[in-house]
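Below is one structure, written out as structure tokens, with a few remarks after it.
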Amino acid sequence: MAFDFGVVTSHWSFIAQGCWITLVVSVMSILIAFVIGTGVAIARVYAGERISHLLGFFYVDMMRSVPLLVILVWVYFALPVIVGVNVDPMTCAIVVLGLHLGAEVCEVVRGGLLSIRQGQMKASLALGMSWAQAIRAVILPQAFIRSLPPLASIIIVGFKDSALASVIAVPELLRQSQVLAGQTFQPFEIYTAALVLYGGFLYPVALALAVIYDRYCSRMAA
Amino acid sequence: MPREDDVLEFREVTKRFDQTNVLDRVDFRVCAGEVVCIVGPSGSGKSTLLRCANALEPIDSGTIVFNGRTVGRTKRKLYKVRQQMGMVFQNFELFPHLTVLQNIVLAPRIVKGETESVAVGRARNLLRRVGLDDFGNKYPGTLSGGQQQRVAIARALAMEPDIMLFDEPTSALDPERVGEVLAVMRDLANQGTTMVVVTHEMEFARSVADRVVFFDRGHIVESGTPERIFTNPQQERTRAFLSHHLSNVNGQRSFPGQAH
Ligand SMILES: Nc1ncnc2c1ncn2[C@@H]1O[C@H](COP(=O)(O)OP(=O)(O)O)[C@@H](O)[C@H]1O
Ligand SMILES: [Mg+2]
């Protein structure tokens with residue numbers, strides 16, 4: 001069997017476009033996940049038990065108990081039937097991936113917030129800070145630093161899960177590869193290229209996150 | 001010498017935790033420039049007294065007056081009150097993710113809106129005052145307990161409070177680190193800082209306090225000059241407590257902050 005990777009180079013711009021969309025979908029959904037997840041975590045920890053339970057049940061538990069793929073397909077194909085509005089696939093993917101990942105961010109950050117000892121809040125308030133200032137400047141940064149390893153894996157998962165967007169025809173890397181493979185009848189070369197591109201990008205990202213963690217960790221070590 | 005104007009006053013303050021009165025109709029006042037040391041067995045409510053003073057704990061009845069104004073129950077007023085009271089904790093509670101300098105400038109920057117240069121300038125002066133000139137860029141985790149507590153004092157002073165509250169500031173320290181912290185506090189006292197110090201360091205209380213308060217089971221049992229409390233206590237409970245602790249004063253252990 002002879003492989004001809006010339007098919008990859010000759011369709012380079014088509015693949016590069018896919019890489020770009022993958023990057024956009026991943027980064028946007030990770031950003032949404034961090035903003036929403038952190039917000040919900042703060043609410044769950046500081047806004048009282050009732051709100052914590054409501055958010056836990058209606059957001060976190062629901063997101064975590066249904067497969068991401070199912071939510072994605074449902075929101076794209078089923079939700080418009082009820083609300084009568086079609087969303088474009090890319091927006092849909094970004095929002096669904098972001099909300100889904102946000103539930104994971106929420107639980108990790110919540111654990112981080114709860115692990116910071118009470119005295120830190122007391123000391124902040126005693127200096128005249130408001131709760132909001134104390135959370136922003138004192139509690140949350142420590143919670144993030146302490147949660148960096150699980151947050152790093154969430155970021156990696158965020159990049160990888162973007163491939164699921166291919167099922168609703170978002171033209172990201174996997175989708176573009178499928179299209180190419182169908183047109184060229186060279187699935188081995190095309191999918192191998194996709195594999196290498198995902199890995200070649202994410203491996204350095206994982207390493208960089210580990211380096212960042214080491215730096216902060218050594219600072220805060222008692 | 002203490003002047004007669006009150007900085008802080010408790011009027012019949014009661015604080016309950018699960019039905020028990022941790023503070024039981026406490027009357028307590030601190031004048032400007034006065035140094036009050038509070039001694040008493042653990043669990044008697046000394047920390048609660050300090051935490052109620054700056055409204056970290058709400059009180060159940062009574063009144064707390066600070067700088068002539070009743071400490072309100074609205075949040076905005078509470079922040080204002082806390083800005084004018086410095087508090088030093090047994091466990092330092094420095095912010096581990098910030099450098100020493102950042103620890104000190106944080107509250108002046110975000111609470112008072114001070115400029116970076118003003119806040120940093122004052123922070124450097126304070127670091128010199130507590131003997132830690134070169135420690136500004138270090139992280140708290142790399143400092144000894146005594147050094148951390150001195151940073152915590154500088155951090156509280158950076159808000160330029162009208163009163164400093166110390167809750168057993170040396171109890172978590174290795175014995176050889178106690179002296180350096182007490183020396184800083186002694187220096188503050190000498191410069192006229194109004195201070196309330198909960199402590200088990202009897203020699204410090206004897207030599208620095210204007211007034212010593214013996215606190216037990218939510219009550220002020222006895223209050224007076226160090227001379228009177230330590231040499232001629234009126235109450236049996238005071239005598240019993242001091243007989244356990246006074247060995248610290250009379251010889252066996254000299255005050256480590258003094259010249260040997
Ligand atoms: N947050 C709290 N909840 C319930 N009980 C408390 C709380 N804080 C303090 N107490 C109780 O109040 C009493 C006085 O505590 P504290 O003020 O810490 O005493 P001290 O500082 O003199 O050792 C203790 O019996 C303690 O168990
Ligand atoms: Mg205490």
Side-chain angles (χ1 to χ4, degrees), chain A residues 34 38 41-43 45-49 51 108-152 209-222, chain B residues 47 50-51 53-57 75-99 102-113 137-145 148 151-152 155-161 163-167 172:
Chain A
F34 271 75
T38 303
I42 290 172
V45 173
Y46 293 105
E49 228 163 88
I51 291 181
V108 167
V109 172
R110 189 167 76 106
L113 289 171
L114 291 172
S115 78
I116 308 300
R117 60 170 190 271
Q118 300 274 315
Q120 291 282 297
M121 177 56 89
K122 290 226 162 76
S124 308
L125 294 178
L127 284 163
M129 292 181 215
S130 64
W131 277 76
Q133 287 172 326
I135 291 169
R136 200 176 56 224
V138 176
I139 312 294
L140 199 53
Q142 291 183 59
F144 268 123
I145 292 170
R146 223 172 255 195
S147 319
L148 267 173
L151 289 177
L209 290 167
V211 168
I212 291 172
Y213 176 67
D214 282 346
R215 195 144 106 222
Y216 279 104
C217 188
S218 63
R219 268 189 197 175
M220 269 185 38
Chain B
S47 298
L50 294 190
R51 287 207 295 269
N54 70 359
L56 286 177
E57 293 283 1
K75 282 192 174 166
R76 182 160 289 280
K77 288 228 185 80
L78 291 186
Y79 300 145
K80 206 81 190 166
V81 166
R82 295 199 194 108
Q83 289 167 29
Q84 293 159 356
M85 293 190 192
M87 183 131 178
V88 175
F89 299 85
Q90 187 175 338
N91 296 320
F92 330 131
E93 298 299 348
L94 293 180
F95 307 134
H97 61 303
L98 300 177
T99 65
Q102 289 167 338
N103 262 274
I104 300 175
V105 301
L106 179 65
R109 293 278 285 127
I110 68 175
V111 175
K112 286 184 163 176
N137 294 325
K138 291 193 194 295
Y139 282 88
T142 64
L143 271 55
S144 73
Q148 290 191 54
V151 173
R155 181 180 68 176
L157 289 171
M159 289 296 284
E160 307 194 299
I163 188 170
M164 285 286 286
L165 311 172
F166 295 83
D167 191 0

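Here is how names work: the chains are called A, B, and so on, in the same order as the sequence lines, proteins then strands, and each is numbered from 1.
Only the side chain of B/N54 comes within contact range of chain A, judged by heavy atoms closer than 4.5 Å. Only the backbone of B/L94 comes within contact range of chain A, judged by heavy atoms closer than 4.5 Å. Residue contact with chain A, scored on non-hydrogen atoms closer than 4.5 Å, involves the side chain of B/R51 exclusively. When heavy atoms are compared at a cutoff of 4.5 Å, B/F89 approaches chain A solely by way of its side chain, counted from C-beta outward. Only the side chain of A/I145 comes within less than 4.5 Å of a heavy atom in chain B; its backbone stays farther off. Looking at B/M159, the atoms closer than 4.5 Å to chain A (heavy atoms on both sides) all sit in the side chain, from C-beta outward. Only the side chain of A/R117 comes within contact range of chain B, with at least one heavy atom under 4.5 Å from a heavy atom of that chain.
Taking the six-membered ring where tryptophan is involved, the planes of A/F144 and A/F34 are essentially parallel, since the angle between them stays under 30° and well short of 60°.
Open room surrounds CD1 on A/I51; 12 or fewer heavy atoms of other groups in view lie less than 6.0 Å from it.
Atoms OG and CD, on A/S147 and A/Q142 in that order, are 11.0 Å from each other to the nearest 0.5 Å.
Side-chain atoms of A/R110 never come within 3.5 Å of backbone atoms of A/V45 as a donor-acceptor pair (strictly under, hydrogens ignored). In this structure, B/H97 contributes its side chain and A/A137 its backbone to a donor-acceptor pair below 3.5 Å.
When B/Q84, B/M85, B/M87 are each tested for a side chain to side chain contact (heavy atoms under 4.5 Å, CB included) with B/I163, only one passes: B/M85.
Highest contact tally toward chain A, considering only B/T99, B/I110, B/N91, is held by B/I110 [criterion: heavy-atom pairs under 4.5 Å].
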